Amino acid sequence: MRGKFITLEGGEGCGKSTQAKLLCEYLQAKGIETVLTKEPGGTEEGAVLRRLLVTGDKDKFDAVTECLLYYADRRQHLSKLVWPALEQGKWVISDRYADSTEAYQYYGYDKRIDYATLQNMYKIVAGEFKPDLTLILDMPPEVGMRRSFAKAADMATQELRFESRQIDFHHNLRRGFLEIAKREPQRCAVVNADTTIEILQQNIRQIIQERLGV
Ligand code: TMP
């Protein structure tokens with residue numbers, strides 16, 4: 001039987017990566033073979049694109065170029081990793097997927113790219129394929145940004161291209177994710193991420209049980 005595709009989405013510093021890892025451990029403990037991956041950079045080739053996308057000047061790309069690069073990473077990720085794993089019956093958890101493109105490149109930048117263009121890119125890359133469940137980790141951007149900068153200082157990371165944008169960008173992002181969830185309530189679940197790691201994980205597991213029965 002084909003596996004399930006679960007995506008985690010949210011703004012900067014919302015704790016997606018930690019939660020994705022904990023969710024993966026939970027599913028594996030239930031005997032489900034689960035692959036944990038991410039976008040951008042879920043494949044070897046995607047890692048090169050990730051470096052281009054998350055470092056450097058915040059205005060370095062034209063709007064369409066930026067979307068195409070995320071979609072190139074996505075196609076490679078789907079065709080090399082996600083689809084084969086699902087076919088083998090494995091479950092796949094991805095730390096970000098296409099809702100991030102809509103939230104960041106469309107809503108975040110105040111709709112500087114045409115929405116139909118974005119949808120066409122999705123169709124070319126993924127066709128009718130969609131996640132079985134998308135968890136949207138929601139929190140006030142001010143809290144997420146504080147966390148994100150603290151983590152970056154700890155790790156001396158250069159991956160601050162989006163963090164360096166004004167707070168308005170991050171409020172747009174949040175609105176974007178909530179808009180997506182409202183439009184697709186069957187696929188998406190919004191979870192309050194402004195809480196402890198443990199409570200957030202508990203709430204995520206409850207949603208997994210309700211929606212996917214495990
Ligand atoms: P991360 O927060 O998971 O490390 O993701 C890297 C950055 O890439 C993050 O700032 C969000 C951004 N991003 C987009 O702008 N569009 C996309 O489609 C994806 C997948 C990520």
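Quantities reported herein were computed from a predicted structural model and do not represent experimental measurements. Whatever order the structure lists them in is the order used to number ligands and atoms, beginning at 1.
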> Which one of R165, E159, R96 has a non-hydrogen atom at the shortest distance from atom 1 (P) of ligand 1?
Replying inline: R96

>> Any heavy atom of R161 closer to ligand 1 than 4.0 angstrom?
In response: no

>> Could you tell me if the side chain of Y71 sits less than 4.5 Å from the side chain of Y122, heavy atoms only?
In response: yes

> Quick one: which of H77, R50, Q105 has a heavy atom closest to atom 4 (O) of ligand 1?
Replying inline: R50

> Counting N and O atoms only, with roles assigned by atom type, does the side chain of D73 sit under 3.5 Å from a partner on the main chain of G41, one being a donor and the other an acceptor?
Replying inline: yes

>> How far is atom 9 (C) of ligand 1 from the closest protein heavy atom, and which atom is that?
In response: E12 OE2, 3.4 Å

> Of the listed options (T7, L160, V54), which comes nearest to atom 7 (C) of ligand 1 when hydrogens are ignored and any heavy atom counts?
Replying inline: V54

> Is R74 near ligand 1, meaning one of its heavy atoms is under 4.0 Å from it?
Replying inline: yes

>> Suppose I only count heavy atoms of S100 and a 4.0 Å limit; which atoms of ligand 1 are within that range?
In response: 16 (N), 17 (C), 18 (O), 19 (C), 20 (C)

> Heavy atom of E66 under 4.0 Å from ligand 1?
Replying inline: no

> Looking at L36, L23, L212, which hits side chain to side chain contact (heavy atoms under 4.5 Å, CB included) with W91?
Replying inline: L212

> Is E179 paired with R174 through a side-chain N to carboxylate O contact shorter than 4.0 Å?
Replying inline: no

> Should L86 and K4 count as side-chain neighbours, where that means a heavy-atom distance under 4.5 Å?
Replying inline: no

> Does the pair K80/E44 count as a salt bridge with the N-to-O cut at 4.0 Å?
Replying inline: no

> Between F5 and F129, does the ring centroid distance fall short of 6.0 Å?
Replying inline: yes

>> Return the closest protein heavy atom for atom 18 (O) of ligand 1 as residue, atom name and distance.
In response: T101 OG1, 2.6 Å

>> Give me the nearest non-hydrogen protein atom to atom 13 (N) of ligand 1 as residue plus atom name, then the distance to 0.1 Å.
In response: Y70 OH, 3.2 Å

